[in-house]
Amino acid sequence: MNSLFLRMGGRVQDWAPVFKVLSVLWLVLALFMVLPWAVLVIEGEPDATAFGLSIAIVLSAVALIWLATMNVRIALKPWQMFVLTTLSWVTISGFASLPLVLAASRLSFTNAVFESVSAITTTGSTILEGIDSLSDGLKLWRGIMQWLGGIGIIVMGIAILPFLKVGGMRLFHTESSDWSDKVMPRTGGIAKATLGIYCGFTFAAMVAYWLGGMAPLDAVVHAMTSLATGGFANSDASFGAYADSPHLLWMGSLFMLAGALPFVLYIRFLRGARLALWRDQQVQGLLLLLAVVILVLTGWRMWLGTPPFEALTHVAFNVISVVTTTGYASDDYSAWGALAVVAFFYLTFVGGCSGSTSGGMKIFRFQVAAILLRNQLRFLIHAHGVFASRYNNQPLTDDITRGVVAFSFFFFLTIAGLALGLAMMGLDFTTALSGAATAVANVGPGLGDIIGPAGNFAPLPEAAKWLLCVGMLLGRLEILTVLVLLTPMFWRQ
C-alpha cells in the first residue's frame with residue numbers, strides 16, 4: 001500500500017518529466033489561441049477578452065511547471081507514457097474550454113468542457129445552437145481545436161500506441177516507435193514529415209473549398225475539421241448548408257477520406273513507394289467497404305425515388321463521413337428509411353485506418369478478426385493443422401491477437417456500460433445506445449430526434465454530458481490506455 005502511494009503521489013522525480021512535457025503541449029495550445037484572439041481584436045469583438053484571459057491562464061500554468069522542472073531531464077519510462085498520454089488529452093481539453101466559458105455566449109462549465117472534449121478528440125458532437133451567429137474567433141477556435149486533436153491522434157497512433165502495445169497496434173510498430181526510454185529518439189523525421197503532409201492537405205482543402213464557393217473563414221474551418229475527421233461546421237445545418245453544391249460535397253468526401261488513411265503511407269509514397277497506399281490491406285479493406293455500402297444505399301435511395309446523381313452524392317458524403325468518424329451531415333439520413341438507419345448505426349463502429357485521424361474500431365481489427373475466424377474454422381476441420389496467420393505481410397503474433405481481442409471486448413463493453421448509464425438518466429433506447437456508440441467511436445451525431453444528424457446534444461442532462469465526455473476520451477485513447485491506469489498492479493510496478 002505504501003509503494004502504491006509513493007508511485008501515485010510521493011515520487012516527485014517520477015512525475016516531473018511528465019508535467020514538463022505537458023507544459024510544452026499547453027504552450028502550443030496557448031500559441032494557437034493567439035490566432036482567434038487576433039481575429040477578434042481586429043474585428044473589435046468582446047470575445048477577444050475571453051481569449052486574452054485564457055492565454056494568460058495557460059501561460060501562467062506553463063511558467064509554473066517550467067520553473068519547477070527546469071533542471072529535469074525528459075526521459076520517459078513506459079508507465080510514464082501511459083500517464084502522459086491520458087493526462088495530455090484531459091488537461092488540454094480542460095484548458096481549451098476556457099475561451100468557451102469566458103466568451104460572451106457564457107456557456108456553462110459542463111457545456112464548455114463537453115464542446116472542447118468533443119473537439120480535441122475530433123468527435124464532433126456539439127451542444128451549441130445558433131452556430132451561424134457565433135463570433136469569427138469562436139468559429140475559428142472550434143476548427144483549431146479539432147485540427148490540433150487530429151495531428152495529436154496521428155502522432156499517438158504512429159509513435160505511442162504501438163510502443164505501448166495497446167489494442168493490437170503492435171502491427172504498426174516501426175523504428176519511429178522505438179522509444180527506448182527516451183522521448184523522441186527516431187520520431188523527429190517522421191513527425192516533421194507527418195506535420196508537413198497534414199498541413200499540405202489542410203491548405204489544399206482550404207483552397208478547394210474557397211474556390212468552390214465557401215467564404216474564407218468557412219473554407220479555413222471546414223478544411224481543418226475535414227482533415228481532422230472532426231466534423232465541426234460553421235452552421236447548425238452542418239455541411240447541409242452546402243447541400244445544393246454537389247462539388248463541395250464531393251471535395252468534402254475526398255478530404256475526409258484523405259484524413260482517414262494512414263499518414264505513414266503518404267510518407268512512403270513521397271519517398272518513392274508509389275503503390276504503398278494501394279497495396280496496404282487496411283486501405284484496400286476500407287475502400288471496398290465504402291464502395292459496397294455506397295452502392296447499396298444509393299440503390300436504396302433511388303428505389304425510394306431520389307434522382308441517381310443526388311442519391312449518389314449524398315450517400316457517398318454521409319457514408320464516408322460516418323465511416324471516417326468525421327460526423328458531417330449533408331442530410332438527415334435517419335429519415336432515409338429503416339435500412340439506412342440500421343446501416344449507419346453499424347457503420348458507427350467501423351472507423352478508418354490506424355495511423356490516421358479517424359476514431360472507431362479501425363478497419364484492421366475487423367480484418368484481423370476475420371483472419372482469426374477463418375483459422376478457427378480450419379482448426380475445426382483439421383484439428384492438428386498448423387496455419388500461419390499474416391496481415392500486411394507481417395505475422396500475427398500472440399500479443400497482437402490478444403491486443404485486438406481485448407480491445408474489441410472492452411470497446412463494446414464500454415459502449416454497453418455508457419448506454420446503460422444514459423438510460424438510467426432517462427434517455428430513450430435509441431438516444432442512449434447511439435449516443436454511447438458515437439461517443440466511444442468518436443463519430444459525432446447519433447440517431448433519433450434529439451442527437452441525430454438534425455439535432456444536437458444540448459438537451460441532454462448535465463450528468464449525461466459528463467458521461468459522454470468520459471466515453472469520448474476513452475474511445476480516443478483506445479480504452480486500454482486509460483483502463484490500465486485503474487489497476488493497482490500498474491501503480492505497484
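Side chains included, hydrogens not; waters and symmetry mates left out as well; all remaining heavy atoms used. We're numbering straight along the sequence, starting at 1.
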*Within the distance-only criterion (no hydrogens, no angle test), does the side chain of Ser133 pair as donor or acceptor with the backbone N or O of Gly130 below 3.5 angstrom?*
yes
_Side chains of Gln146 and Thr122: any donor to acceptor distance under 3.5 Å?_
no
*Report yes if the distance between the aromatic ring centroids of Tyr333 and His314 is under 6.0 Å, otherwise no.*
no
*Among side-chain atoms of Thr91 and Trp26, is any donor-acceptor pair under 3.5 angstrom?*
yes
_Between Glu115 and Arg142, does any NZ, NE, NH1 or NH2 come within less than 4.0 Å of an OD or OE carboxylate oxygen?_
yes
*So, the side chain of Thr225 versus the backbone of Gly231: is there a donor-acceptor pair under 3.5 Å, distance only?*
no
*Measure the spacing between CG of Leu312 and CZ of Phe317 and express it to the nearest 0.5 Å.*
13.5 Å
*Do we see a donor-acceptor contact under 3.5 Å between the side chains of Trp336 and Asp331?*
yes
*Kindly determine whether Asn442 and Thr325 satisfy side-chain hydrogen bond (donor to acceptor under 3.5 Å, both in side chains), including the steps that lead there.*
CA-CA 6 Å; Asn442 303 121; Thr325 72; over 6 Å; no
*Side chains of Gln367 and Tyr391: is there a donor and an acceptor less than 3.5 Å apart?*
yes
*Nearest 0.5 Å, what's the CD1-CG distance between Ile451 and Leu468?*
7.5 Å
_Side chains of Thr126 and Asn456, donor plus acceptor under 3.5 Å_ = no
*Can you tell me if Arg301 uses its side chain to pair, donor with acceptor, with the backbone of Leu297 under 3.5 Å?*
no
*If only atom types and distance count, is the side chain of Asp47 paired as donor or acceptor with the main-chain N or O of Ala103 below 3.5 Å?*
no
*Run through Val482, Val440, Leu480 and flag the one making a side-chain contact (heavy atoms from CB on, under 4.5 Å) with Leu474.*
Val482
_More than 12 heavy atoms of other residues, nucleotides or ligands under 6.0 Å from CH2 of Trp278: yes or no?_
no
*Will you find, in the side chains of Ser125 and Thr123, an N or O donor that is under 3.5 Å from an N or O acceptor?*
no
*Tyr209 and Phe255 aromatic ring geometry - parallel, tilted or perpendicular at 30°/60° bounds*: perpendicular
*Answer yes or no: does atom CH2 of Trp303 have more than 12 heavy-atom neighbours from other residues, nucleotides or ligands under 6.0 Å?*
no
*Nearest 0.5 Å please: distance from the CG atom of Leu140 over to the CG atom of Leu35.*
6.5 Å
*Expected output: side-chain His222 to main-chain Ala233 donor-acceptor under 3.5 Å*: no
*Step by step, work out the ring-ring contact (aromatic ring centres under 6.0 Å, His included) result for Phe412 and Phe349.*
CA-CA 9 Å; Phe412 288 106; Phe349 301 100; 5.5 Å; yes
*Are Glu45 and Lys139 ion-paired here, with the side-chain N under 4.0 Å from a carboxylate O?*
no
*Decide, yes or no, whether a salt bridge links Lys362 with Glu478 under the criterion of side-chain N to carboxylate O below 4.0 Å.*
yes
*Using the benzene-type ring in the case of Trp, are the ring centres of Phe239 and Tyr242 under 6.0 Å apart?*
yes
_If you count heavy atoms of other groups shown closer than 6.0 angstrom to CZ of Arg274, is the number above 12?_
yes
*asked:* Quick check on Trp37: does its CH2 atom have over 12 non-hydrogen neighbours (other residues, nucleotides or ligands) under 6.0 Å away?
replied: no
*Does CH2 belonging to Trp210 count more than 12 external heavy atoms closer than 6.0 Å?*
no
*Check: Ser88 side chain, Leu84 main-chain N or O, donor-acceptor pair, under 3.5 Å*: yes
*Can you check whether Leu447's main-chain N or O pairs, donor with acceptor, with Ser434's side chain at less than 3.5 Å?*
yes
*asked:* Has Ser116 got a side-chain atom pairing as donor or acceptor with Ala96's backbone, closer than 3.5 angstrom?
replied: no
*Angle class for the Phe407/Phe411 ring planes (parallel below 30°, perpendicular above 60°, tilted otherwise)?*
tilted
*Residue pair Thr481 / Thr85, side-chain donor-acceptor N/O under 3.5 Å*: no
*Is there a donor-acceptor contact under 3.5 Å linking the side chains of Thr110 and Ser108?*
no
*Going through the distances and angles, do Thr229 and Thr357 end up as a side-chain hydrogen bond (donor to acceptor under 3.5 Å, both in side chains)?*
CA-CA 6 Å; Thr229 61; Thr357 61; 2.9 Å; yes
*Can you tell me if Ser356 uses its side chain to pair, donor with acceptor, with the backbone of Cys353 under 3.5 Å?*
yes
*Assess the side chains of Asn318 and Tyr328: does a donor N or O sit below 3.5 Å from an acceptor N or O?*
no
*Pair Tyr198 + Trp147: ring centers closer than 6.0 Å*: yes
_Sub-4.5 Å side-chain heavy-atom contact between Ile320 and Leu290_ = yes
*asked:* Could you check whether atom CG of Asp428 has more than 12 heavy atoms from other residues, nucleotides or ligands sitting under 6.0 Å from it?
replied: yes
*Check the pair Asp280 / Asn392 against side-chain hydrogen bond (donor to acceptor under 3.5 Å, both in side chains), numbers first and verdict last.*
CA-CA 7 Å; Asp280 185 82; Asn392 258 352; 2.8 Å; yes
*Within the distance-only criterion (no hydrogens, no angle test), does the side chain of Arg476 pair as donor or acceptor with the backbone N or O of Thr121 below 3.5 angstrom?*
yes
